[in-house]
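Values reported hereafter were calculated over all heavy atoms of this structure, with side chains retained and with hydrogens, waters and symmetry mates removed.
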Amino acid sequence: MAAGAGAGGGLRPLAEDGSPAAPAYTVADLAGEIAAREREDAPRWVWASTARLYPRLLAAGVRVARCHDLELVENLLLGHAGRYGEPRSVRAASARLHGRPVPPDPPPSHEEASAQASLFGDDDTGERAAPHDDLAQIVEVHAAQRRAVAGLDGFALLAAAESAGSLVAAELGHDGLPWSAAEHDALLTELLGPRPSGGLRPRRLQELADRIGAAFGPRTHVNPDSPAQILKAFAAAGLPIPSTRAYVLKRVDHPAVPLLLEYKELARLHAAHGWAWLDTWVRGGRFRPEYVVGGVVSGRWATNGGGALQIPRVLRRAVVADPGWCLVVADAAQLEPRVLAALAGDRAFADAAAHGDLYAALSDAFRSDEATGGLSARAKAKLALLSAMYGGGTGEAVQLLGVLKSRFPDAFEYVEAAARAGERGRLVRSLLGRTCPPPSAGWRELTLTGDDERDPAEPTPDGARRPATAAQALRSRGRFTRNFVVQATAADWALALLGSLRRRLTALGPPRLVFFQHDEVIVHAPAELADAVTEAVRASSEEARTLLFGTTPVAFPMEIAVVDRYADAK
DNA sequence: TGGGCCGGCGCG
DNA sequence: AAAGCGCGCCGGCCCA
């Protein structure tokens, strides 16, 4: 499918291998034609970009079951080839196929909303229309991608999952998360005082600001929003601190500290998710974020504005199901360590991950050593795992990593190997083939020269916070690739889950996916379908497991709650 | 006044 | 208890 300048466009049926199966044709009403074809034989739609095209279809009431998103797949293929950041448009892909000069990508859609609006027939923006899609290029780029994908292990599934994810993302933005503005406003008023007029501080924040000043001395004024002023005030009080981070402040004995901690928490809520956010982002009882598929190198999603992936926990009481409906809140328990267990094929580790509480199952290995005092065996297991996956390992974690290494050598070695590859400047991949970016030219230069002479504490000349030494840069890259293999494979799994769940929910009818956050989904459903949705979530988790890992003994249990409001889940 | 960096913190 | 990975967004602040 190629969108034209107005409401029309061009189409051409393709065979499964991507070769043309019938002549191309044009239609004046593209959305209507897609709806009709979808009813007839529900093809896999091959198009340039779901993010650009599908919102318009959704607005016209048209949904499709399957697609192939050429830009997203091109991006995955470029990444696999170590060519991160090269243009991914269909034009660029076509130019590469023919050895022509490659045009740069246009800016992201949210920066040119008016140009985007011209697709599917908005005529109010006229001449600024995005370039029309070229059907012949779409056909040839798709065929080339099919060939490339077929040659890479796991990539067919990755391309399908990424494309299915793009459909989910657009639908999430269209349907929106049920959001009670009244609940939100009540919570803000309860915590901050009544909504202030103008740009004034809410009453509670102003009180705290005044008391903070007073705590540093009579007639003293400190802007608690200014870390620089807070640092100065503490230094003047004879209590120099390295930063004003909450955990630093907590260790300081001064009357301003509890006030500052409370201020920071409330000010954050007010600034990031206060009344201004509510005005901007909630309409008609729905919060409609713009998800960005492929926006994170690991395959996690990002969002544009609205901070959908950072909704504070206290605000979850504003997420309320419609009357007669419920929220099915499901999250994958301990996803990343389970992914590591399945990836590494570590027999003992996989057995521990075969059900229930993974960390508890590992406890035996971490019990009974006197060196690491206060922690429970379960806490030790968790700390060891997190250190292995994130590349931490100071203090007592060193010793716990040793336990992990001796008891679960294959799991340990899996992430160690990824870290070594990173330190050598090599690429690592998720199970399905999503590939990490190559190191920057600056990294190569720094690590090649092995300039390790400077004091690590010495600030860099330009004041930027980049590694001061080759050793730091190497370790940092190692931590990145170490984590990448786990985080990106977890993202593979989550995408497979989403695709499977979307298909099952479509079969159920009214239920809608309304939220997705890395390893967690919310489905909005009529109350009487709660059990069916719960079952669909479990079946999807199982399908994702099998698609990725085949016959692994590792389980991927979902913690599922059926609630009226998000805050009531767990 | 607008752009961009920084410190800080929300989420997984 | 904090810190190792991945993000987005805010206000403060500096500079053009």
Practice task
May I ask you to verify if any side-chain N or O of A/T303 is less than 4.0 angstrom from the OP1 or OP2 atom of C/dC7?
Solution key: no
Exercise for the section: Answer with base, sugar-phosphate or nothing: what part of the nucleic acid does A/R313 contact at a heavy-atom distance below 4.0 Å? Expected result: sugar-phosphate
Completion exercise
A/I311 CD1 to C/dG8 P, in whole Å, measures 15 Å
Exercise for the section: Look at the side chain of A/L383 and decide which nucleotide, out of B/dG12, B/dG7, C/dA2, has an atom nearest to it. Expected result: C/dA2
Handout entry: Atom pair distance, as rounded to whole Å: OH in A/Y263 and P in C/dG11
Key = 10 Å
Practice task
Kindly say if A/S298 contacts the phosphate of C/dG6, meaning a side-chain N or O under 4.0 Å from OP1 or OP2.
Solution key: no
Exercise for the section: Measure distances between side-chain N and O atoms of A/R300 and base N and O atoms of B/dG12, and say whether any donor-acceptor pair falls under 3.5 Å. Expected result: yes
Name every donor-acceptor pair, under 3.5 Å, that has one atom in a side chain of residues 265-277 of chain A and the other anywhere in the protein, sequence neighbours excluded.
from   : atom 1 : to     : atom 2 : distance (Å)
A/W275 : NE1    : A/D185 : OD1    : 2.7
A/W277 : NE1    : A/G306 : O      : 2.9

Practice task
Take the protein atom CG of A/D519 and the nucleotide atom P of C/dG6, then report the distance between them rounded to whole Å.
Solution key: 17 Å
Problem - base_contact_polar (C/dG6 base, A/Q487 side chain, donor-acceptor, <3.5 Å) - result: no
Practice task
Measure from the side chain of A/S226, starting at C-beta and using heavy atoms only, and say which of C/dC13, C/dA3, C/dG6 lies closest.
Solution key: C/dC13
Exercise for the section: Looking at every strand, decide which applies to A/V486 at a 4.0 Å heavy-atom threshold: base, sugar-phosphate, or nothing. Expected result: nothing
Exercise for the section: Using atom CG of A/N304 as one end and atom P of B/dC11 as the other, report the distance to the nearest whole Å. Expected result: 21 Å
Practice task
Please work out if A/G305 contacts a base, only the sugar-phosphate, or nothing of the nucleic acid, heavy-atom cut-off 4.0 Å.
Solution key: sugar-phosphate
Problem - Heavy-atom side-chain contact between A/K380 and A/L362 under 4.5 Å - result: no
Exercise for the section: Answer whether the closest heavy-atom distance between the side chains of A/H524 and A/R286 falls below 4.5 Å. Expected result: yes
Practice task
Examine the base of C/dC5 for any acceptor or donor lying under 3.5 Å from a partner atom in the side chain of A/R479, and report the outcome as yes or no.
Solution key: no
Exercise for the section: Classify the nucleic acid contact of A/A246 as base, sugar-phosphate or nothing, counting any heavy atom under 4.0 Å across all strands shown. Expected result: sugar-phosphate
Practice task
Give the rounded distance in Å between these two atoms: NE2 of A/H270 and P of B/dC9.
Solution key: 18 Å
Fill in the blank from the handout: Against the side chain of A/V296, the closest entry in C/dG6, C/dC5, C/dG11 is C/dG6
Exercise for the section: Indicate, with a heavy-atom threshold strictly under 4.0 Å, whether A/R251 touches base, sugar-phosphate, or nothing. Expected result: nothing
Practice task
Respond yes when some side-chain nitrogen or oxygen of A/K264 is under 4.0 Å from OP1 or OP2 of B/dG8, and no when none is.
Solution key: no
Fill in the blank from the handout: Atom CG of A/L335 and atom P of C/dC5 are separated, to the nearest Å, by 19 Å
Practice task
Pick base, sugar-phosphate or nothing for A/S387, based on heavy-atom distances below 4.0 Å to the nucleic acid.
Solution key: nothing
Exercise for the section: Could you please name the option among C/dG6, C/dG8, C/dC13 that lies closest to any side-chain atom of A/Q310? Expected result: C/dG8
Practice task
Say whether, by atom type as modelled, one donor and one acceptor occur between the side chain of A/R429 and the main chain of A/H80 under 3.5 angstrom.
Solution key: yes
Side-chain donor-acceptor pairs under 3.5 Å in residues 408-416 of chain A, sequence neighbours left out?
from   : atom 1 : to     : atom 2 : distance (Å)
A/E413 : OE2    : A/R420 : NH2    : 2.5
A/E416 : OE2    : A/R482 : NH1    : 3.2
A/E416 : OE2    : A/R482 : NH2    : 3.1

Practice task
Classify the nucleic acid contact of A/I230 as base, sugar-phosphate or nothing, counting any heavy atom under 4.0 Å across all strands shown.
Solution key: nothing
Handout entry: Side-chain N or O of A/N223 closer than 4.0 Å to phosphate OP1/OP2 of C/dG12
Key = yes
Exercise for the section: Indicate syn or anti for C/dG12, taking the glycosidic torsion and treating anything within 90° of 0 as syn. Expected result: anti
Handout entry: Phosphate-side-chain proximity, A/R475 and C/dC5, N/O vs OP1/OP2 below 4.0 Å
Key = no
Handout entry: A/Y84 side-chain N/O to A/T435 backbone N/O, donor-acceptor pair under 3.5 Å
Key = yes
Completion exercise
Double-helix bend of the helix from B/dT1-C/dA16 to B/dG12-C/dC5, axes at both ends from 5 pairs, round to 10°, gives 0°
Exercise for the section: May I ask you to verify if any side-chain N or O of A/S243 is less than 4.0 angstrom from the OP1 or OP2 atom of B/dG8? Expected result: yes
Handout entry: Residue pair A/W179 / A/V319, side-chain heavy-atom distance below 4.5 Å
Key = yes
Handout entry: Length of the CG-P vector between A/L386 and C/dG6, whole Å
Key = 15 Å
Problem - Residue A/D225, side-chain heavy atoms: nucleotide from C/dG4, C/dG12, C/dG6 that is nearest - result: C/dG12
Exercise for the section: Identify whether any heavy atom of A/L269 sits under 4.0 Å from a base atom; if not, whether one sits that close to sugar-phosphate; answer base, sugar-phosphate or nothing. Expected result: nothing
Practice task
Let me know the distance between CD of A/Q399 and P of C/dA3, rounded to the nearest Å.
Solution key: 20 Å
Exercise for the section: Would you kindly compare A/V248 and A/R268 by the position of their nearest DNA chain C nucleotide and give the one closer to the 5′ end? Expected result: A/V248
Exercise for the section: Find out whether A/E262 and A/P224 are in side-chain contact, i.e. whether some heavy atom of one side chain is under 4.5 Å from a heavy atom of the other. Expected result: no
Fill in the blank from the handout: Ranking A/G306 and A/Y247 by the position along DNA chain C of their nearest nucleotide, the one closer to 5' is A/Y247
Exercise for the section: For residues A/E336 and A/Y390, determine if any side-chain heavy atom of one lies less than 4.5 Å from a side-chain heavy atom of the other. Expected result: yes
Practice task
Output yes when A/D519 and A/R338 qualify as a salt bridge under the 4.0 Å nitrogen-oxygen rule, no when they do not.
Solution key: no
